[in-house]
Amino acid sequence: MRVIQITDLHIGQEGEDTYFVDVRENFRRIIAAVQERRPNYLVLSGDLCYSQGDLEIYAWVKEWVDQLKIPYEVIAGNHDDSKLLTEAFQRQADYQPDGLYFARNWGGRPVLFMDTSTYKVEAPQLEWLQQQLQQLQGDIILFIHHPPMLVGTPFMDNNHPLEDRDPLQDILCAYPGNIDIFCGHYHVERTVRWKNLLVHLTPSCFFQIDSNAEDFKVDHYRIAFREISIQPDLTISSVHYL
C-alpha cells in the first residue's frame with residue numbers, strides 16, 4: 001500500500017500576496033505528481049490555508065483533490081478552522097466538539113488522525129487517543145500536523161511548537177508498540193527517534209525554513225511531498241522534491 005502525504009499548502013485567496021510564492025501553482029504541481037504516482041491514499045496534513053480557515057479556499061483545494069479519484073484524508077493545522085474544514089470536505093462523521101480526529105484501518109494497519117489546530121491537544125482528544133491505543137496492538141501510524149516533541153530546529157522549536165506536549169507524549173510513549181508519526185508544520189525535512197516514536201517531518205508545499213537558524217530564514221523554495229509504503233511488517237518512507 002502506497003500513501004502520499006502533502007502538508008502546509010498555505011493556499012491564499014486568488015491574487016493574495018503569499019510571500020511572493022505562487023502557492024496555487026505549487027499545489028497544482030504537487031497534484032500532478034500525485035496523479036502520476038497513483039497512490040492508494042492521499043493525506044493532506046494541515047495548513048491548507050495561508051493565514052486562517054476559509055471555505056472558498058477549502059472548496060478550491062477539494063475540487064483539485066477530488067479530480068484525482070483517489071481516497072484521501074484531511075486534517076487541520078494551526079492555519080485552519082476545523083469546523084469549516086469539516087464542512088467543506090463533508091467529514092461530519094469524524095468531527096468532535098473539540099476538533100476533527102478519527103481512526104482508520106489501512107490493510108490491517110491501524111492509522112490515527114489528530115487535530116492540533118489550536119496548537120494543543122485538548123483533554124477530550126487525549127482521552128480518545130488513550131482509548132484508541134488501549135484497543136490496539138502492534139505497530140501503528142499517526143498523522144498529526146505538529147510534531148509531538150521538539151525536534152532540534154531552533155526557530156520553530158522556540159516560537160511555534162505544540163503546546164502542553166507532556167500529556168500527549170506520556171500517552172504515546174506508554175503504548176507497547178512502535179508508532180510512526182507523520183507530520184508537517186516545521187517546513188523542514190527531518191526524522192527524529194524518541195523511545196517508541198519515530199517522527200517524520202515532511203517539507204512544505206510553500207517554502208522550507210532553515211533548520212539551523214535561530215531567527216526566521218527561508219532555506220529554499222523547492223516544494224516536496226512524502227511517499228509512504230506500508231507493508232505488513234515494514235514501513236518505507238521517502239521525500240520527493242520537485
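Keep in mind the model is a prediction, meaning the values are calculated, not measured.
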> What are the two closest heavy atoms between I179 and L172, and how far apart are they?
Replying inline: CD1-O, 3.7 Å
>> Given 3.5 Å as the limit, does a donor-acceptor pair link the side chain of D80 with the main chain of G77, or not?
In response: yes
> Would you say the side-chain atoms of E227 and S229 include a donor-acceptor pair closer than 3.5 Å?
Replying inline: no
>> How long is the straight-line distance from NZ of K120 back to CD of E122, given to the nearest 0.5 Å?
In response: 5.5 Å
>> Which residue is it: T7, T153, T202, D157? I am looking for the one with a side-chain hydrogen bond (donor to acceptor under 3.5 Å, both in side chains) to Y186.
In response: D157
> Would one find more than 12 heavy atoms of other residues, nucleotides or ligands at under 6.0 Å from atom CD of E36?
Replying inline: no
> Rounded to the nearest 0.5 Å, what separation is found between the CD1 atom of I11 and the CD1 atom of I57?
Replying inline: 7.5 Å
> Any luck finding a side-chain donor-acceptor pair between S82 and D115 under 3.5 Å?
Replying inline: yes
> Ignoring hydrogens and geometry, is there a side-chain-to-backbone donor-acceptor pair from T116 to Y119 under 3.5 Å?
Replying inline: no
>> Tell me whether D219 contacts the main-chain N or O of Q208 through its side chain, where contact means a donor paired with an acceptor under 3.5 Å.
In response: no
> Do side-chain atoms of R24 reach the backbone of G12 as a donor and acceptor pair under 3.5 angstrom?
Replying inline: yes
>> Using ring centroids (six-membered ring only for Trp), state whether W106 and Y41 fall under 6.0 Å.
In response: yes
> Is a side-chain donor or acceptor of R226 paired with a backbone partner of L201 at a separation under 3.5 angstrom?
Replying inline: yes
> At their closest point, which heavy atom of H220 faces which heavy atom of R222, and how far apart are they?
Replying inline: ND1-N, 3.1 Å
>> Please report whether the ring centroid of H145 lies less than 6.0 Å from that of F113.
In response: no
>> Measuring from atom NE2 of H10 to atom CG of D8, what distance do you get when rounded to the nearest 0.5 angstrom?
In response: 4.5 Å
> Checking N26 side chain against R29 main chain: does a donor-acceptor pair fall under 3.5 Å?
Replying inline: no
> Near Q52 CD, under 6.0 Å, is it more than 12 heavy atoms from other residues, nucleotides or ligands?
Replying inline: no
> Counting N and O atoms only, with roles assigned by atom type, does the side chain of Y19 sit under 3.5 Å from a partner on the main chain of F206, one being a donor and the other an acceptor?
Replying inline: no
>> Is it the case that over 12 heavy atoms from other parts of the model lie below 6.0 angstrom from the CG atom of N159?
In response: yes
>> If you compare all heavy atoms of D139 against all heavy atoms of R109, which two are closest, and at what distance to 0.1 Å?
In response: O-CD, 3.2 Å
> Which pair of non-hydrogen atoms, one from V199 and one from M149, has the smallest distance, and what is that distance?
Replying inline: CG2-CE, 3.7 Å
>> Between Q169 (side chain only) and P148 (backbone N and O only), is there a donor and an acceptor less than 3.5 Å apart?
In response: yes
> Side chain of N196, backbone of G177: donor and acceptor closer than 3.5 Å?
Replying inline: yes
Ignoring hydrogens and angles, write down the donor-acceptor pairs under 3.5 Å from the side chains of residues 87-98, residues two or more places apart or on other chains.
{"unit_1": "R91", "atom_1": "NE", "unit_2": "F89", "atom_2": "O", "d": "3.2"}
{"unit_1": "R91", "atom_1": "NH1", "unit_2": "Y72", "atom_2": "O", "d": "3.4"}
{"unit_1": "R91", "atom_1": "NH1", "unit_2": "E73", "atom_2": "OE1", "d": "2.8"}
{"unit_1": "R91", "atom_1": "NH2", "unit_2": "Y72", "atom_2": "O", "d": "3.0"}
{"unit_1": "D94", "atom_1": "OD1", "unit_2": "R104", "atom_2": "NH1", "d": "3.4"}
{"unit_1": "D94", "atom_1": "OD2", "unit_2": "R104", "atom_2": "NH2", "d": "2.6"}
{"unit_1": "D98", "atom_1": "OD1", "unit_2": "Y101", "atom_2": "OH", "d": "2.7"}
{"unit_1": "D98", "atom_1": "OD2", "unit_2": "Y101", "atom_2": "OH", "d": "3.3"}
{"unit_1": "D98", "atom_1": "OD2", "unit_2": "Q125", "atom_2": "N", "d": "3.2"}

> What is the ring orientation for F207 with F216, classed by angle as parallel under 30°, tilted 30 to 60°, or perpendicular over 60°?
Replying inline: perpendicular
> Between D81 and Y58, which heavy-atom pair has the shortest distance, and what is it?
Replying inline: N-OH, 3.1 Å
> Just how far is it from atom CG of L9 to atom SG of C205, taken to the nearest 0.5 Å?
Replying inline: 4.5 Å
> Looking only at atom types and distance, does a side-chain atom of H185 sit under 3.5 Å from a main-chain N or O of H160, one as donor and one as acceptor?
Replying inline: yes
